[in-house]
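This report refers to the structure that appears directly beneath it.
Throughout, a chain's letter reflects where its sequence line sits, starting with A, and its residues are numbered from 1.
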2 protein chains.
Amino acid sequence: MAETPERLSARPSWLLTQLAVHAHRLASEGFAEAGARGYHYRILAALGEFGPASQVQLGRRCTMDRSDVVAAINELSERGFVERAPDPGDRRRNIVSLTAAGHQQLRRLDEALDAVQDQLLGPLGAAERATLTHLLARLLEHHAR
Amino acid sequence: MAETPERLSARPSWLLTQLAVHAHRLASEGFAEAGARGYHYRILAALGEFGPASQVQLGRRCTMDRSDVVAAINELSERGFVERAPDPGDRRRNIVSLTAAGHQQLRRLDEALDAVQDQLLGPLGAAERATLTHLLARLLEHHAR
DNA sequence: ACTACATCGTTGGTATCACCAATGGATCGG
DNA sequence: CCGATCCATTGGTGATACCAACGATGTAGT
């Protein structure tokens with residue numbers, strides 16, 4: 001009983017979106033322990049890898065809308081993880097950069113997210129994980145063209 | 001430029017959730033042409049495959065919260081796609097069933113969703129699609145245990 | 001130089017999905 | 001018969017993903 005209709009369970013779009021729900025839940029739980037959420041991690045990750053950036057740049061790198069970047073940075077700066085400074089070369093822009101506490105938070109969230117991968121991929125062996133990752137990466141690149 | 005941080009792009013949870021965004025967008029566009037959304041399709045699909053059911057049953061089969069089932073059925077019944085009738089054998093329950101128009105809408109949405117699968121899986125060959133589907137199905141079953 | 005256009009941050013929305021708590025009516029176990 | 005449970009419903013919340021519009025600023029065309 002409580003069977004899922006085959007119309008759903010046989011379709012890749014269903015498998016993908018439903019599994020994403022579980023992935024999102026696992027990640028959210030990990031982030032919540034550090035008082036963060038997905039958008040915060042994206043911003044911190046982009047700053048940690050590419051260095052200080054404008055908010056539009058962050059939006060592009062994180063696949064986030066500009067308005068959502070504003071809110072995320074507000075929250076991150078309230079907690080002292082990032083700093084906003086006016087760009088002297090272009091006064092329309094803000095330059096957002098990581099603080100020391102921000103680096104620390106990023107490392108913390110990194111660890112939490114690593115644990116999530118294992119939970120998510122659960123019963124899959126190393127070769128299967130690689131296959132899945134590769135297929136997903138190809139598809140994502142195709143759709144993000 | 002506009003590169004995605006490797007912390008994100010290298011993680012299966014990121015690939016999965018981001019690809020799910022694309023899948024959801026494609027499906028939503030398909031559904032929108034018929035004036036529907038995901039929850040509506042789930043309910044129609046469950047009714048079409050398993051026949052009339054109570055709302056709790058529908059919630060279990062569609063992975064939906066009871067309160068969301070209420071709202072979806074309200075909208076579906078306003079459009080004449082489903083009917084609510086009291087269960088004579090248990091007056092706590094409603095028996096929800098498909099109308100003729102509901103069957104037709106289900107077929108319509110089925111076609112739209114089939115087209116979505118092709119768009120979603122884009123560049124993948126048949127064997128790759130099967131591999132991906134199989135891996136996703138195994139993981140989903142694991143998490144839905 | 002002046003005008004038209006584009007860009008950036010910001011505000012203030014909307015939709016979808018997922019989930020939770022509480023209520024009142026109905027049913028069932030003991 | 002009474003307490004526990006089940007069901008539908010109401011009324012919320014949070015996260016993600018969007019969109020439109022505004023003012024300030026910068027750039028390009030003429």
Side-chain angles (χ1 to χ4, degrees), chain A residues 2 8 13-14 16-32 35-43 53-60 62-77 82 84-96 143-144, chain B residues 2 8 13-14 16-32 35-43 53-60 62-77 82 84-96 143-144:
Chain A
L8 299 179
S13 62
W14 169 262
L16 203 57
T17 53
Q18 285 307 110
L19 195 53
V21 170
H22 291 283
H24 184 263
R25 189 172 38 75
L26 290 171
S28 293
E29 286 168 3
F31 289 154
R37 59 196 177 91
Y39 277 1
H40 298 157
Y41 179 73
R42 296 193 201 179
I43 299 287
S54 75
Q55 300 182 190
V56 187
Q57 273 181 312
L58 290 174
R60 275 197 277 261
C62 301
T63 327
M64 284 172 61
D65 189 86
R66 297 186 291 177
S67 59
D68 298 319
V69 173
V70 172
I73 291 182
N74 285 343
E75 291 155 4
L76 288 170
S77 77
V82 304
R84 248 194 281 237
D87 184 339
D90 187 339
R91 283 181 303 178
R92 290 172 301 181
R93 292 191 174 103
N94 290 333
I95 297 182
V96 184
H143 286 283
Chain B
L8 299 179
S13 63
W14 170 262
L16 204 58
T17 53
Q18 284 307 110
L19 195 52
V21 169
H22 290 283
H24 183 262
R25 189 173 38 75
L26 290 171
S28 293
E29 287 168 3
F31 289 155
R37 57 195 179 94
Y39 276 1
H40 298 158
Y41 178 73
R42 296 193 202 179
I43 299 289
S54 75
Q55 300 183 188
V56 199
Q57 272 180 313
L58 290 174
R60 275 197 277 261
C62 300
T63 327
M64 284 173 61
D65 190 87
R66 296 187 285 171
S67 58
D68 299 319
V69 173
V70 172
I73 291 182
N74 285 343
E75 291 154 5
L76 287 170
S77 78
V82 304
R84 250 195 278 239
D87 184 339
D90 185 340
R91 282 181 305 177
R92 292 172 303 180
R93 294 192 174 100
N94 289 333
I95 296 182
V96 184
H143 287 284

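Checked against C:dT10, D:dT9, D:dA15, the side chain of A:Asn94 finds its nearest nucleotide in C:dT10. Comparing C:dT10, C:dA18, D:dT16 by their closest approach to the side chain of A:Val70 singles out C:dT10.
Distance A:Asn74 CG to C:dT10 P: 7 Å, rounded to the nearest Å. For the pair B:Arg25 CZ and D:dC18 C1', the computed distance is 11 Å after rounding to whole Å. Put simply, CZ on A:Arg60 is 18 Å from P on D:dA17, counting in whole angstrom units. Taking atom OH of B:Tyr39 as the reference point, atom P of C:dA15 lies 16 Å away to the nearest angstrom. For the pair B:Arg42 CZ and C:dT16 P, the interatomic distance rounds to 13 Å; values are reported in whole Å. Nucleotide D:dC18 holds its C1' atom 14 Å from the NE2 atom of B:His22, rounded to whole Å. The nearest whole Å value for the distance from the CD1 atom in A:Ile95 to the C1' atom in C:dG9 is 14 Å. The CE-P distance, from B:Met64 to C:dC20, rounds to 15 Å in whole Å.
For A:His24, the ring pair (Phe, Tyr, Trp, His ring centres under 6.0 Å) test picks out no residue, with sequence neighbours left out. Partners of B:Ile95 by side chain to side chain contact (heavy atoms under 4.5 Å, CB included), not counting sequence neighbours, listed by chain and number: B:Pro52, B:Asp87, B:Pro88.
For A:Arg37 and D:dT16, the shortest distance from a side-chain N or O to OP1 or OP2 is below 4.0 Å. At D:dT9, one or more side-chain N or O atoms of B:Arg84 fall inside 4.0 Å of OP1 or OP2 (strictly under the cut-off). Between B:Gln57 and the phosphate of D:dC7, there is no side-chain N or O to OP1/OP2 separation shorter than 4.0 Å.
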Apply side-chain contact (heavy atoms from CB on, under 4.5 Å) to the pair A:Leu76 and A:Val96, showing each step before the final yes or no. CA-CA 11 Å; A:Leu76 288 170; A:Val96 184; over 6 Å; no
Check the pair B:His143 / A:Leu26 against side-chain contact (heavy atoms from CB on, under 4.5 Å), numbers first and verdict last. CA-CA 11 Å; B:His143 287 284; A:Leu26 290 171; 4.1 Å; yes
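Under 3.5 Å, the side chain of B:Asp68 and the base of C:dC19 form at least one donor-acceptor pair of N or O atoms. Side-chain to base pairing of B:Asp65 with C:dC20: one donor and one acceptor N or O lie within less than 3.5 Å of each other. Scanning atom types as modelled, one donor and one acceptor separated by under 3.5 angstrom connect the side chain of B:Ser67 and the base of D:dG11.
Nearest-nucleotide positions on DNA chain C for A:Ala53 and A:Gln18 put A:Ala53 closer to the 5' end. Both A:His24 and A:Arg91 sit near DNA chain D, but only A:His24 has its closest nucleotide nearer the 5' end.
In this structure, B:Val69 reaches neither bases nor backbone, as no heavy-atom distance under 4.0 Å exists between it and the strands shown.
Between A:Cys62 and A:Arg42, the closest heavy-atom pair is O-NH1, 3.0 Å.
Residues A:Arg93 and A:Gln57 bring no donor and acceptor atom of their side chains to less than 3.5 Å of each other.
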Please list, pair by pair, any protein nitrogen or oxygen found under 3.5 Å from a nitrogen or oxygen in nucleotides 3-7 of chain C.
| from | atom 1 | to | atom 2 | distance (Å) |
| --- | --- | --- | --- | --- |
| C:dT7 | O4' | A:Arg92 | NH1 | 3.4 |
| C:dT7 | O2 | A:Arg92 | NH1 | 3.1 |

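Looking at A:Asp65, its side chain does come within 3.5 Å of a backbone N or O of A:Ser67 through a donor-acceptor pair.
Considering only heavy atoms from C-beta on, A:Leu16 stays 4.5 Å or farther from B:His22 through its side chain.
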